[in-house]
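Computed from a predicted structure; not experimentally measured. We number each residue from 1, following the sequence as shown.
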Amino acid sequence: MKQPKGLNSRRAFIKISALGLGAFGAGATPSVSASAEGFDPVSIVPDAVTKRPVSEIAVWFTNDKERFAAGRAIQWQPASTSPATDSIRLVVVNKFQDILGFGGCFTDASCYLINQLHSPVREQLLKDLFHPSEMGLNVNRTCIGACDSAAKVYSYDEGDEDPELKRFSIDHDREYILPVLRRVREINPDVFYFSSPWSPPGWMKWNKSMLGGSMSRQYLASYAQYFLKFLQAYAAEGVPVQAITTQNEIDTDQHGQMPACTWSQECETEFVIEHLGPLFEKTNTPTKIWILDHNYVYWGRVISELDDQDFRRYTSSVAWHGYVGEPSMMSKVHAAHPEAEMHFTEGSTDYNDPHYQDDWTKWGTIYTAVLNNWCRSAVAWNVATDEHGKPNIGPYPCGGILIINIHTQEITRSGQYWALAHFSRAIRRGARRFESQSQAANLSHVAVENPGGQKVLILTKLGAARTVQVNQGLSSATVPLKENSIATLVWR
C-alpha cells in the first residue's frame with residue numbers, strides 16, 4: 001500500500017515523544033470558545049500561575065501537499081502583552097471529560113472486504129489501523145445482525161416465532177466477521193468493542209420483517225435474552241463486548257428500505273427498566289447499556305429518560321449521531337445530567353463524494369466539536385466499503401474510512417481517515433480535555449492532557465493560510481497553518 005508523502009508511523013511519533021516532546025493530543029472546535037458549557041469563556045485563572053511549557057512543540061500537518069507529516073519543531077517565546085487576533089489561550093487547570101478513544105464500525109461489508117485482501121496486505125492494513133504504535137483505533141463498533149452495509153439481511157434467530165430462542169446462532173459471523181475482530185484484538189488488546197442492532201429478528205416485530213417496522217412489546221423479554229446470548233456467544237469466541245446500544249437510530253424505520261426498527265420512548269424505557277437492565281444485573285453481565293444511538297436533535301428525549309431514577313439505575317450513557325442537529329445539543333444533556341457519559345458513535349462519508357479523499361477539515365471540525373461537547377469517543381461509520389459503496393442493502397451511498405478494491409488490492413484513504421489520524425495517533429486513553437479559548441474565525445480547536453502530563457492541541461483551519469498564536473500562561477508559540485489544514489501540536 002503506497003503511503004502519501006509525510007505519513008509517519010505512530011512508532012516514530014513515540015520515539016520523538018521519548019526525547020521530551022510528549023505524546024499525542026486531540027481535536028478542535030468551530031466556536032469562538034472551546035470552553036465547556038457552564039464555564040465563563042474568560043477564565044479567571046491568572047496566566048502568571050499557569051505552568052510554563054518545558055519542551056518545544058512537535059507538530060504534524062495534513063494539507064493539500066502533506067498527510068500527517070512532521071513539521072519543524074516550534075519554540076515557545078515570552079507571550080506578548082497584546083495577543084494577536086488569531087490566537088488561542090490554553091487554560092490547563094480547567095479540565096473536563098476523559099477520553100476513551102476513536103475508531104470505526106466493523107460492518108458485515110467491512111469485514112468481508114478486509115477478509116478478501118491477500119494475507120500480507122490484510123495484516124499490514126490491520127496493523128496500520130489498530131496497532132497502538134500506528135493509528136491505534138481502539139473504540140470500535142460491531143453489528144448485532146445485519147445493518148445496511150451488509151451482503152444480505154440476517155439475524156441470529158431466523159424463521160417463525162421462537163420466544164425461547166432455541167434457534168439462536170452466530171454462525172453467520174464465524175466466516176469473516178469474528179476472525180477479523182479477533183485479529184484486531186490480538187493486535188490491540190486494549191480495544192473496546194461496542195455493538196448495535198439495526199433490527200431485532202423479524203418475528204419480534206409487528207411487520208414480521210427486519211426491514212423497517214417497530215418492536216412488539218410481547219417479545220421484550222425474549223429480546224433481552226437475545227442480547228445476552230449474543231454477548232455470551234461473542235465472549236466464547238474471544239471477542240468480549242464492553243457496551244451495547246439498544247437500537248441503531250431508534251426513531252426511524254428508514255421507510256422499510258433496510259434493517260431498522262422504531263422504538264417509542266415508553267417502549268425503550270420499559271425494555272431497559274423491566275427487562276435488559278435486570279437481566280444484566282441478575283447474570284452479572286458487565287456490559288454497559290448505551291441509549292439513543294441517534295441524532296443530536298433527540299436531546300430532549302434523552303433528558304426525559306435520564307430524569308427517571310429507575311432508568312438511571314441501569315444506564316447513564318448516551319450514543320449520538322451527527323446527521324441532524326448541532327453538537328451543542330449534547331451539552332444540554334450534560335447540563336441536566338452531568339453524570340451522563342457521551343459517545344459519538346456514527347458519522348459517515350459518501351463513497352461518491354468528489355471530496356472523499358480530501359475533506360479532512362470537515363471531519364476535523366466534527367471530531368473537535370463532539371469532544372468539546374462532552375463526548376468520550378468518536379467513531380466513524382464503515383471501516384471500509386468497495387469502490388461502489390458495496391456490499392450494501394440500504395438506499396444510501398455510504399462510504400468508509402477506506403475504499404478497498406478486492407480485484408486490484410488497492411486501498412484508498414479518505415479525508416476522514418486523515419482527520420482521525422490527527423486524533424487517534426495523538427490522544428491516549430484516559431486523556432483529559434482542558435479549556436481552550438479563541439475568537440478566531442474559521443478555526444476549530446480542542447486541547448487535552450494525556451496521562452503523564454503531555455499536552456496536545458489540534459487545530460482545524462478552514463480557508464486561506466495564516467499563522468495562529470498559541471498562549472499557555474506567559475509563553476507563546478506561533479503556528480503556521482496552510483489553507484484548509486489540520487495540525488496536531490504536542491509538548492510538555
*side chain to side chain contact (heavy atoms under 4.5 Å, CB included) between W418 and W363, worked out*: CA-CA 9 Å; W418 294 111; W363 292 105; over 6 Å; no
Is the closest side-chain donor-acceptor distance between [X] and [Y] under 3.5 Å?
X: T345; Y: H343; answer: no
X: Q242; Y: T287; answer: no
X: N484; Y: T361; answer: no
X: S414; Y: Q357; answer: no
X: H445; Y: N372; answer: no
X: S331; Y: S328; answer: no

So do [Y] and [X] actually touch side chain to side chain, heavy atoms under 4.5 Å?
X: S444; Y: T365; answer: yes
X: C105; Y: C143; answer: yes
X: I303; Y: L306; answer: no
X: F434; Y: L90; answer: yes
X: I244; Y: I289; answer: yes
X: P259; Y: C147; answer: no
X: L178; Y: V239; answer: yes
X: R89; Y: S436; answer: no

Inter-residue atom distance [X].[atom1] - [Y].[atom2], 0.5 Å rounding:
X: M135; Y: L420; atom1: CE; atom2: CG; result: 5.0 Å
X: L100; Y: I427; atom1: CG; atom2: CD1; result: 11.5 Å
X: R52; Y: L474; atom1: CZ; atom2: CG; result: 5.0 Å
X: L137; Y: L129; atom1: CG; atom2: CG; result: 6.0 Å
X: L462; Y: L443; atom1: CG; atom2: CG; result: 8.5 Å
X: N63; Y: D358; atom1: CG; atom2: CG; result: 11.5 Å

Closer than 3.5 angstrom, by distance alone: can the side chain of [X] be matched with the main-chain N or O of [Y] as a donor-acceptor pair?
X: Q416; Y: G347; value: yes
X: S149; Y: A109; value: no
X: Q97; Y: C375; value: yes
X: Q247; Y: W198; value: yes
X: Y193; Y: L181; value: yes
X: N295; Y: V297; value: no
X: N405; Y: Q409; value: no
X: Y356; Y: G400; value: yes
X: D386; Y: G389; value: yes
X: H131; Y: S133; value: yes

Check this for me, if you would: do [X] and [Y] make a salt bridge, where the nitrogen-to-carboxylate-oxygen distance has to be below 4.0 angstrom?
X: K95; Y: E435; answer: no
X: D190; Y: R429; answer: no
X: E123; Y: R183; answer: yes

Looking at every non-hydrogen atom in both residues, tell me the closest pair between [X] and [Y] and how far apart they are.
X: M342; Y: M330; value: CE-O, 3.4 Å
X: D148; Y: N392; value: O-OD1, 2.9 Å
X: T467; Y: D86; value: O-CB, 3.7 Å
X: Y351; Y: E387; value: CD1-O, 3.4 Å
X: Y234; Y: I177; value: OH-CG2, 3.8 Å
X: I401; Y: G103; value: CD1-O, 4.4 Å

Row check, [Y] ring normal vs [X] NZ/CZ: under 6.0 Å, within 45°:
X: R433; Y: W374; result: yes
X: R432; Y: F96; result: no
X: R301; Y: Y298; result: no

*Between F344 and Y367, what is the ring plane arrangement, given parallel below 30°, perpendicular above 60°, and tilted in between?*
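Perpendicular: the ring planes of F344 and Y367 meet at over 60°.
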_Would you call the rings of F192 and F194 parallel, tilted or perpendicular, taking 30° and 60° as the class edges?_
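If you compare the ring of F192 with that of F194, the planes turn out tilted.
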*Taking the six-membered ring for Trp, are F130 and F106 ring centroids under 6.0 Å apart?*
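When the ring centroids of F130 and F106 are compared, they turn out to be within the sub-6.0 Å range.
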*W76 and W491: aromatic ring centres closer than 6.0 Å?*
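Yes; W491 has its ring centre under 6.0 Å from that of W76.
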*In sequence, state the C-alpha distance, the side-chain angles, and the governing distance for L402 and L125, and then conclude on side chain to side chain contact (heavy atoms under 4.5 Å, CB included).*
CA-CA 10 Å; L402 309 167; L125 175 64; 3.5 Å; yes
*asked:* Could you work out, with side chain to side chain contact (heavy atoms under 4.5 Å, CB included) as the rule, every residue matching T252, not counting sequence neighbours?
replied: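 T252 satisfies side chain to side chain contact (heavy atoms under 4.5 Å, CB included) with E249, Q254, H294 once adjacent residues are dropped.
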*side chain to side chain contact (heavy atoms under 4.5 Å, CB included) with N115: which residues, sequence neighbours excluded?*
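In terms of side chain to side chain contact (heavy atoms under 4.5 Å, CB included), with neighbours along the sequence ignored, N115 is linked to Y176.
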*Should the heavy atoms of other residues, nucleotides or ligands under 6.0 Å from CD of E326 be counted, would the total exceed 12?*
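Result for CD/E326: open.
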_Candidate pair F68 and H422, rule ring-ring contact (aromatic ring centres under 6.0 Å, His included), full reasoning_ = CA-CA 7 Å; F68 199 73; H422 279 271; 4.9 Å; yes
*May I have the step-by-step check of side chain to side chain donor-acceptor pair (under 3.5 Å) for Q257 and Y396, ending in yes or no?*
CA-CA 10 Å; Q257 295 177 294; Y396 305 114; 5.1 Å; no
*Partners passing side chain to side chain donor-acceptor pair (under 3.5 Å) against S196 (at least two apart in sequence or in another chain)*: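 In terms of side chain to side chain donor-acceptor pair (under 3.5 Å), with neighbours along the sequence ignored, S196 is linked to R141, T245, D293.
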